[in-house]
Amino acid sequence: MLEKLLPNVFWPEIWQASLDTLAMLGGSLLFTVLFGLPLGVLLFLTGPRQLFDHKPLYRLLSLVVNVLRSVPFVILLILMIPLTELIVGTSLGAIGAIPPLVVGATPLFARLAETALREVDRGIIEATQAMGATTRQIVLNALLPEARPGLLAALTVTAITLVSYTAMSGLIGGGGLGDLAVRYGYQRYQPDVMAVTVILLLVLVQLLQSVGDRLVVRFSRK
Amino acid sequence: MIQFDNVHKAYRVNGRDIPALQATSLQIGAGEIFGLIGHSGAGKSTLLRLINRLEEPSGGRILIDGEDSTALDASALRGLRQRIGMIFQHFNLLASKTVADNVALPLKLAGELPRTAIDARVAQLLERVGLSEHAHKYPAQLSGGQKQRVGIARALATEPKILLCDEATSALDPQTTAQVLQLLAEINRELQLTIVLITHEMDVIRRVCDRVAVMDGGAIVEQGAVADVFLHPQHPTTRRFVLEAEHVDEGEQRDDFAHVPGRILRLTFRGEATYAPLLGQVARDTGVDYSILAGRIDRIRETPYGQLTLALTGGDLDAALARLDAADVHVEVLR
């Protein structure tokens, strides 16, 4: 029955592509947070009337973030090829997709993190300062814990954006479900493969959103 | 304990200096509860934050326990701040941490005590403010008064000598305000803690403060013992605050008793004299008749006071005035 409806779908390949997508998502999300969170904290701290108010640095960081965010991801994918080969040795497959994914998502996550940190009541910072905390202690013990629901929401948005980016990376041989959709669904005109990949991506996005929402609720104490 | 020598502060906004505090000198003694009262923008919040240097002074010297706080480097300043507790109008508790973790935070940041010692200290502090059974709740689950008591416990965690209160009762209802003020008065006594509080309510000053400074336009316009300032306000701003405390609307003119015959006096009794059967005796002995036109009997901290406006007719008025004067009653002849 299923074979009649989906004649071109080869399930082991779908399975492998799904695993690749998850690997790309997991790997790129990890590095995006690793780079994006400190960048977001720095953007926040150097921002106007914040703890390390520093106009030139804030403007520079802002500019870099804005430039990276205004480059369409498809262009970024192509522009990044030489750099990606330098970093991970290949620009192909799941591994080759991770550097452009990280570069594409880090500025987004940094901005969202900055906004989440700004949502923290200034009084909390003042109270922690009044306890004699260092800036580092304020960030680690007050800002990040207080911004946790906002940061989790930012992480959810970023993860979902990364899912669509992983699909796009299929265009330049990035592997995963997007790659499958491009090669079978588009180039060979096999709509059944296209449908299955799209449904799987949809399920993934739904899953990420509901897990994210649940975590936000779990850590909101307001 | 706290000494301001010619301290002033201006904010730089768009290249122009906006003065927040004019050159101010002030002394706050160890163990006293010192109140700063003023409307918003009067400079009281700036003055309070200069004490733990959340605000940097533009000039002048601030001595805390004999130590010039304006000369401290970053690490010495953090040490100073650990010796100064602070509570806030909106409590500023961390929503992401339990009550116990909020109270433990200053100790954790100071990094001097092991975890077990911190837990013991936190338990003891929560016991003191009556919140032991709420230790594992989050701030959002508490009432305003409970939140402020967590704030007080947190501020006391590092055993400070000074407690700064930034409009600590302004977000609370009258009953809760009374409880929080009561708690502040108790810890002031128990720990010989110096408390500096800012408020815009004269009632708060009357209930807990020993001394008060009235601020207006970035300067202290009047200061002294609360009873003196409250019962005999000199500056117009102070008078307005006293009227507010008596629930007289500012716009509403006080009755000038034009239609009442006789001499009109305002008598101020303090301490035990408040409850002495003085008026009756004076009236009997000097033959004057009195009618009470307005009055208030209350307490300033623990000291009872009464302030009565009287009309006196007939009899020997001079003798009556002399008797009142001899009885340590402050007499003002209004007409």
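The chains referred to below are lettered A, B, ... by the order of the sequence lines, with proteins before strands, and numbering in each begins at 1.
Shown here for G123(A) and N92(B), the closest heavy-atom pair between the two residues is O-ND2, 2.9 Å. Closest of all the heavy-atom pairs between P145(A) and K97(B) is CG-NZ, 4.2 Å. Smallest separation of non-hydrogen atoms from Q82(B) and G132(A): NE2-O, 4.0 Å. Nearest heavy-atom pair, A130(A) versus M86(B), reported as atom, atom and distance to 0.1 Å: CB-SD, 4.1 Å.
Heavy atoms closer than 4.5 Å to chain A are found nowhere in R53(B), neither backbone nor side chain. Interface residue R154(B): only side-chain heavy atoms are found under 4.5 Å from chain A. Only the backbone of L93(B) comes within contact range of chain A, with heavy atoms under 4.5 Å apart. Using a 4.5 Å cut-off between heavy atoms, L94(B) touches chain A through backbone and side chain atoms alike.
Here CD1 of I125(A) is found 12.0 Å from CG of L54(B). Values are rounded to the nearest 0.5 Å. Taking CE of M131(A) as the reference point, atom CG of L109(B) lies at 6.5 Å (rounded to 0.5 Å). In this structure, Q129(A) CD and R49(B) CZ are separated by 10.5 Å, a value rounded to the nearest 0.5 Å.
Annotation for I95(A): atom CD1 does not count as buried by contact number, only 12 or fewer foreign heavy atoms lying within 6.0 Å. Residue Y138(B) qualifies as enclosed at atom OH: its count of foreign heavy atoms under 6.0 Å is above 12. For CZ of F52(A), the number of neighbouring non-hydrogen atoms (other residues, nucleotides, ligands) closer than 6.0 Å is 12 at most. Residue-environment remark: CD (E127(B)) stays at or below the threshold of 12 foreign heavy atoms within 6.0 Å.
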